Amino acid sequence: MKLQLTYGRLPPGFSLKDPATLLATWFGAGLVPFASGTWGTLAALPFAGVIWLVGGWPALLAATIGVSAVGVWASDRVGARTGVKDAGFVVIDEVAGMWLTLLFAPFEVWAWALAFVLFRAADIVKPFPAGWADKRMAGGLGVMADDLFAALWSGVAIWLVAAYVPVNDVLAQFGF
């Protein structure tokens with residue numbers, strides 16, 4: 001019998017008391033019954049902000065590496081229990097991808113908001129090699145890899161905007 005997944009709920013036998021499930025859902029953010037990837041990405045932002053304020057980009061880099069490693073473990077464990085490669089409630093991959101994207105962005109509200117939009121777009125479109133990883137890589141590494149590849153695309157895009165577009169000047173013209 002195939003496991004039936006219901007958006008907004010954990011499968012029978014799963015609990016947020018289990019560390020793998022807690023982390024894979026990013027403390028329950030993946031249980032929002034619609035657009036779980038977007039909610040997981042959004043839930044990554046306050047953590048990234050605190051990490052950045054405490055230790056700057058080096059701390060965010062270390063946290064990104066750490067959450068990526070934990071994400072491989074947690075999503076592999078959840079996937080093995082559900083029999084589903086990338087269950088919708090698993091959003092730790094979005095957390096890692098968002099944090100990686102933010103490493104390319106200046107610590108400014110406009111940049112982080114644009115990084116959010118660019119990452120969501122890249123995660124949905126899955127430009128190469130993200131699409132390849134999504135289809136061909138198995139286990140927890142496969143779950144994490146496509147988002148990390150998408151993050152590289154969105155990261156380069158936000159870096160280019162920050163480096164070559166006078167965003168602060170444009171915003172100032174509109175009173176921001």
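Note that the structure is a prediction, hence the values are computed from the model and not measured.
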Between atom [atom1] of [X] and atom [atom2] of [Y], what is the distance when rounded to the nearest 0.5 Å?
{"X": "L148", "Y": "S68", "atom1": "CG", "atom2": "OG", "answer": "4.5 Å"}
{"X": "F104", "Y": "I158", "atom1": "CZ", "atom2": "CD1", "answer": "11.0 Å"}
{"X": "L102", "Y": "F119", "atom1": "CG", "atom2": "CZ", "answer": "10.0 Å"}
{"X": "W26", "Y": "L22", "atom1": "CH2", "atom2": "CG", "answer": "9.0 Å"}

Open item on the list: Between S36 (side chain only) and G88 (backbone N and O only), is there a donor and an acceptor less than 3.5 Å apart?
Closed with: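 Judged by distance alone, yes, a pair lies under 3.5 Å.
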
- [ ] Answer yes or no: is there a donor N or O on one side and an acceptor on the other, between the side chain of K85 and the main chain of M137, under 3.5 Å?
- [x]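 At least one qualifying donor-acceptor pair exists.
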
Can you get from [X] to [Y] by hopping between Ile, Leu, Val, Met, Phe, Trp and Tyr side chains that sit under 4.5 Å apart?
{"X": "L16", "Y": "V95", "result": "yes"}
{"X": "F116", "Y": "V109", "result": "no"}
{"X": "L171", "Y": "V117", "result": "yes"}
{"X": "F34", "Y": "L42", "result": "yes"}

Task: Sequence neighbours excluded - salt bridge (charged side-chain N to carboxylate O under 4.0 Å, His left out) pairs with any residue from residues 87-116 - done: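 Salt bridge (charged side-chain N to carboxylate O under 4.0 Å, His left out) check on residues 87-116 returns no pairs.
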
Would you check if the distance from the ring center of [X] to the ring center of [Y] is below 6.0 Å?
{"X": "F27", "Y": "F47", "result": "yes"}
{"X": "W112", "Y": "F107", "result": "yes"}
{"X": "W159", "Y": "W153", "result": "no"}

Task: Set of residues satisfying salt bridge (Lys or Arg N to Asp or Glu O under 4.0 Å) with respect to D123, sequence neighbours excluded - done: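 Expected list: R120, K126.
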
Open item on the list: Under a 3.5 Å cutoff, is there a donor and acceptor pairing between the side chains of D146 and W132?
Closed with: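 W132 and D146 do not have a side-chain donor-acceptor pair below 3.5 Å.
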
TODO: Would you indicate whether the side-chain heavy atoms of V90 and T25 approach each other to under 4.5 Å?
DONE: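 T25 vs V90: side chains apart.
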
Task: Trace of the salt bridge (charged side-chain N to carboxylate O under 4.0 Å, His left out) decision for R77 with D18 - done: CA-CA 11 Å; R77 184 166 170 188; D18 171 48; 3.3 Å; yes

Task: Transitive ILVMFWY cluster of V54, excluding itself - 4.5 Å side-chain cut-off - done: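 Cluster partners of V54: V50.
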
Task: Heavy atoms of other groups near W57 CH2, more than 12 under 6.0 Å - done: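 No.
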
